Amino acid sequence: MQAVNVIYRLAISLWLGGAALFTFVLTPILFRSESRDVAGRIVGLFFPGYFRWGLACGVVALICRVIISGKSNFAAAAIIAAMLLLSSFQAFYIEPKAAELKRRIVSFETTSKDDPLRREFAKLHGVSAVCNLSVIAGGVVLVILL
C-alpha cells in the first residue's frame, strides 16, 4: 500500500508541476522571445503531449486514490475526476477546434482582432485558460490534502 501512496503523490506532483511549468514558465518565455505566430505554432506543437501527460498522470492518480482510500476521502477522488474531465475537454474538444482555427488564420500579427476567426479563437483560448487554471488549482488543493 505504501508503493501505491508514493505513486499517487508522484502522479499528482508531476501533473501539477508539468501544468505549472508549461503555463507559468515555458509559454510566457516563448511569447516574450518569439513573434506571436512562431510562439503560437511552437505551443501548438506541445499541446498534444501536454494533454497526454496530464491525462496519464490523472488516470494513475485516480486509480491510486481509489485503491488507497476505498470509499473514504471522496473529495480527493472527486477533484481528480473533475481535473480529468477538464483536461479531456481541453484535449478532445477545445484543442482540435483551436488548432483548426489557427490553420485558417493566416497570421495573428496581421489579422484584425475583430476578424470572426480571431474572435472565435479568443473565446476558445479563454475557456481553455479557465480550464487549465482550474486543473492547476485542483492540483494545489490535492497537494495540500496530501
Side-chain angles (χ1 to χ4, degrees), residues 1-105 107-109 111 113 117-146:
M1 194 64 87
Q2 174 118 3
V4 175
N5 200 7
V6 169
I7 293 168
Y8 169 75
R9 290 170 184 260
L10 278 172
I12 295 298
S13 299
L14 291 170
W15 191 4
L16 175 59
L21 178 66
F22 187 80
T23 302
F24 300 123
V25 179
L26 297 178
T27 301
I29 288 172
L30 278 171
F31 278 91
R32 274 196 311 269
S33 63
E34 300 294 333
S35 71
R36 182 179 174 93
D37 289 335
V38 170
R41 192 167 39 254
I42 293 168
V43 169
L45 291 172
F46 286 126
F47 272 138
Y50 172 73
F51 291 124
R52 280 193 301 269
W53 177 260
L55 293 171
C57 289
V59 167
V60 168
L62 186 58
I63 290 168
C64 290
R65 183 78 262 160
V66 169
I67 291 170
I68 292 166
S69 64
K71 292 190 179 187
S72 65
N73 203 352
F74 176 78
I79 291 169
I80 295 166
M83 291 168 63
L84 277 168
L85 283 173
L86 289 170
S87 293
S88 296
F89 178 65
Q90 284 181 283
F92 302 118
Y93 180 76
I94 292 176
E95 197 280 328
K97 287 187 89 152
E100 177 56 31
L101 286 170
K102 281 170 63 174
R103 280 190 286 279
R104 294 172 55 200
I105 297 169
S107 169
F108 280 81
E109 295 168 15
T111 303
K113 290 183 180 182
L117 294 176
R118 286 275 315 258
R119 286 200 317 266
E120 189 176 350
F121 180 85
K123 281 186 211 175
L124 286 174
H125 185 269
V127 171
S128 182
V130 169
C131 290
N132 197 54
L133 292 174
S134 298
V135 168
I136 291 171
V140 169
V141 170
L142 290 171
V143 167
I144 291 168
L145 292 175
L146 290 175

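Everything numeric here is computed off the predicted structure, so don't read it as measured data. Computed from heavy atoms alone, side chains included, the values below leave out hydrogens, waters and symmetry copies. Residues take their numbers from the sequence shown, with the count starting at 1.
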Kindly compute the distance separating [atom1] ([X]) from [atom2] ([Y]), expressed to the nearest 0.5 Å.
{"X": "Arg9", "Y": "Cys64", "atom1": "CZ", "atom2": "SG", "answer": "11.5 Å"}
{"X": "Ile79", "Y": "Leu84", "atom1": "CD1", "atom2": "CG", "answer": "12.5 Å"}
{"X": "Ile29", "Y": "Glu34", "atom1": "CD1", "atom2": "CD", "answer": "11.5 Å"}
{"X": "Asn5", "Y": "Ile67", "atom1": "CG", "atom2": "CD1", "answer": "11.5 Å"}
{"X": "Leu55", "Y": "Met83", "atom1": "CG", "atom2": "CE", "answer": "10.5 Å"}
{"X": "Ile68", "Y": "Ile7", "atom1": "CD1", "atom2": "CD1", "answer": "9.0 Å"}

Donor-acceptor contacts under 3.5 Å from residues 132-146 side chains, at least two apart:
unit_1 : atom_1 : unit_2 : atom_2 : d
Asn132 : OD1    : Tyr50  : OH     : 2.4
Asn132 : ND2    : Thr23  : OG1    : 2.6
Ser134 : OG     : Val130 : O      : 2.8

Phe47 and Phe22: aromatic ring centres closer than 6.0 Å?
->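 They qualify: ring centres under 6.0 Å apart.
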Search all heavy atoms of [X] against all heavy atoms of [Y] and return the closest pair with its distance.
{"X": "Ala77", "Y": "Leu62", "value": "O-CD1, 3.7 Å"}
{"X": "Ser87", "Y": "Phe51", "value": "O-CD2, 4.2 Å"}
{"X": "Thr111", "Y": "Arg118", "value": "O-NH1, 2.7 Å"}
{"X": "Ile94", "Y": "Ser128", "value": "CG2-CB, 3.8 Å"}
{"X": "Pro96", "Y": "Ala91", "value": "CD-O, 3.3 Å"}

Quick one: does [X]'s side chain have a donor or acceptor within less than 3.5 Å of a partner on [Y]'s backbone?
{"X": "Glu109", "Y": "Arg36", "answer": "yes"}
{"X": "Trp53", "Y": "Leu14", "answer": "yes"}
{"X": "Lys97", "Y": "Leu124", "answer": "no"}

Check ion pair Glu100-Arg103 (N to O, under 4.0 angstrom) = yes
Determine whether more than 12 heavy atoms belonging to other residues, nucleotides or ligands lie under 6.0 Å from atom CZ of Phe89.
-> yes
Do Phe46 and Thr27 come within less than 4.5 Å of each other through their side chains, counting heavy atoms only?
->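 Heavy-atom side-chain distance check fails, nothing below 4.5 Å.
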Worked check of side chain to side chain contact (heavy atoms under 4.5 Å, CB included) between Leu117 and Phe121 | CA-CA 6 Å; Leu117 294 176; Phe121 180 85; over 6 Å; no
Looking at Tyr8, is Arg65 sitting on its ring face, NZ or CZ under 6.0 Å from the six-membered ring centre and within 45 degrees of the normal?
->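 Yes, a cation-pi geometry.
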Could you give me the CA-CA distance, side-chain angles and deciding distance for Ile12 and Ile80, then say whether side chain to side chain contact (heavy atoms under 4.5 Å, CB included) is met?
-> CA-CA 9 Å; Ile12 295 298; Ile80 295 166; 4.2 Å; yes
Partner residues of Arg32 under the side-chain hydrogen bond (donor to acceptor under 3.5 Å, both in side chains) criterion, sequence neighbours left out |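 Arg32 satisfies side-chain hydrogen bond (donor to acceptor under 3.5 Å, both in side chains) with no residue once adjacent residues are dropped.
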